[in-house]
Amino acid sequence: MNHTLGIIGSGNIGGAVARLAVNAGLDVVLSNSRGPQTLRGLTDHLGPRARAATPAEAAEAGDWTVVSVPFSAVPHLPVDALAGKTVIDTNNYYRLRDGVIAELETGSLTAGELFQRYVPGARKSLTRCASCRCQWS
């Protein structure tokens with residue numbers, strides 16, 4: 001039985017995770033905010049185990065789903081498609097990129113706690129990637 005990894009966010013981190021997953025023998029379904037047609041170069045590079053889809057399709061297809069988007073995009077995730085899924089969250093909050101999020105600035109919530117509020121039905125595993133140096137090789 002082959003497993004599939006859904007990936008929402010196909011930038012540096014999502015693309016590197018996709019490459020590692022394909023090399024490990026997993027199928028991957030990649031998505032981004034600009035649409036599947038913009039991922040052709042990446043999926044061609046990754047080969048037949050990779051395909052592009054919408055974020056909802058990537059979440060539905062994945063046995064697990066990696067979410068690697070700016071924190072400001074978290075409220076727009078496909079909540080229904082992520083319900084019951086194991087979600088690996090690589091988010092880091094950066095005020096300059098994401099805008100001021102009061103709960104995070106005051107420390108009343110962690111980024112993981114706020115993420116879980118936006119995706120309440122997902123089973124979540126937090127992966128911090130503040131110092132990742134993800135590169136193509």
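Index from 1, following the sequence.
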Asker: Please test Val66 against Leu5 for side-chain contact (heavy atoms from CB on, under 4.5 Å), starting from the C-alpha separation and ending with a verdict.
Answerer: CA-CA 7 Å; Val66 172; Leu5 179 65; 3.8 Å; yes
Asker: Output, in order, the C-alpha distance, side-chain angles, deciding distance and verdict of side-chain contact (heavy atoms from CB on, under 4.5 Å) for Val29 and Ile7.
Answerer: CA-CA 6 Å; Val29 180; Ile7 300 177; over 6 Å; no
Asker: Please list all pairs meeting salt bridge (Lys or Arg N to Asp or Glu O under 4.0 Å) that have one or both residues in residues 40-58, counting only residues at least two apart or in different chains.
Answerer: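 Applying salt bridge (Lys or Arg N to Asp or Glu O under 4.0 Å) to every pair that reaches into residues 40-58, excluding sequence neighbours, yields Asp27-Arg49, Arg40-Asp44.
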Asker: Which pair of heavy atoms, one from Thr90 and one from Ser68, lies closest together, and at what distance?
Answerer: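 Nearest pair, atom of Thr90 first, then Ser68: OG1-OG, 2.9 Å.
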Asker: May I ask you to check whether Thr38 and Asn32 show a side-chain donor-acceptor distance below 3.5 Å?
Answerer: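 Short answer, yes.
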Asker: Donor-acceptor pairs are to be reported for all side-chain atoms of residues 76-84 against protein atoms at under 3.5 Å, with residues two or more places apart or in another chain.
Answerer:
none

Asker: Once you round to the nearest 0.5 Å, how far does CZ of Arg95 lie from OG of Ser72?
Answerer: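 Answer for the CZ-OG pair, Arg95 versus Ser72, is 14.5 Å.
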Asker: Shared ILVMFWY cluster between Leu39 and Val28, side chains joined below 4.5 angstrom?
Answerer: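 Yes, one cluster joins them.
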Asker: What heavy-atom pair brings Thr65 and Ala58 nearest, and what distance separates the two atoms?
Answerer: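 Of all heavy-atom pairs spanning Thr65 and Ala58, the closest is OG1-O, 4.3 Å.
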Asker: Please table the atom pairs, donor to acceptor, closer than 3.5 Å between any side-chain atom in residues 113-122 and protein atoms at least two apart or in another chain.
Answerer:
from: Glu113; atom 1: OE1; to: Thr110; atom 2: N; distance (Å): 2.8
from: Glu113; atom 1: OE1; to: Thr110; atom 2: OG1; distance (Å): 3.4
from: Gln116; atom 1: NE2; to: Val119; atom 2: O; distance (Å): 3.0
from: Gln116; atom 1: NE2; to: Ala122; atom 2: O; distance (Å): 3.0

Asker: What are the two closest heavy atoms between Ile101 and Phe71, and how far apart are they?
Answerer: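 Looks like CD1-CD2, 3.5 Å.
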Asker: State yes or no: do Val17 and Leu26 share one hydrophobic cluster built from I, L, V, M, F, W and Y residues joined by side-chain heavy-atom distances below 4.5 Å, directly or via other members?
Answerer: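 Linked, Val17 and Leu26 end up in one cluster.
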Asker: Assess, by modelled atom type and distance only, whether the side chains of Glu103 and Tyr93 contain a donor and an acceptor separated by less than 3.5 Å.
Answerer: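 Checked: Glu103/Tyr93 side chains show no N/O donor-acceptor pair below 3.5 Å.
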Asker: List the steps and the verdict of side-chain contact (heavy atoms from CB on, under 4.5 Å) for Lys85 and Arg123.
Answerer: CA-CA 6 Å; Lys85 298 282 185 164; Arg123 295 183 309 234; 5.9 Å; no
Asker: Using the side chain to side chain contact (heavy atoms under 4.5 Å, CB included) definition, which of the options Thr54, Val69, Ile8 pairs with Ser31?
Answerer: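 Per the side chain to side chain contact (heavy atoms under 4.5 Å, CB included) rule, the option paired with Ser31 is Ile8, out of Thr54, Val69, Ile8.
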Asker: Does a side-chain heavy-atom distance below 4.5 Å link Ile88 with Val67?
Answerer: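 With C-beta onward as the side chain, the pair stays apart.
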Asker: Output, in order, the C-alpha distance, side-chain angles, deciding distance and verdict of side-chain contact (heavy atoms from CB on, under 4.5 Å) for Leu42 and Leu30.
Answerer: CA-CA 9 Å; Leu42 179 57; Leu30 296 131; 3.9 Å; yes
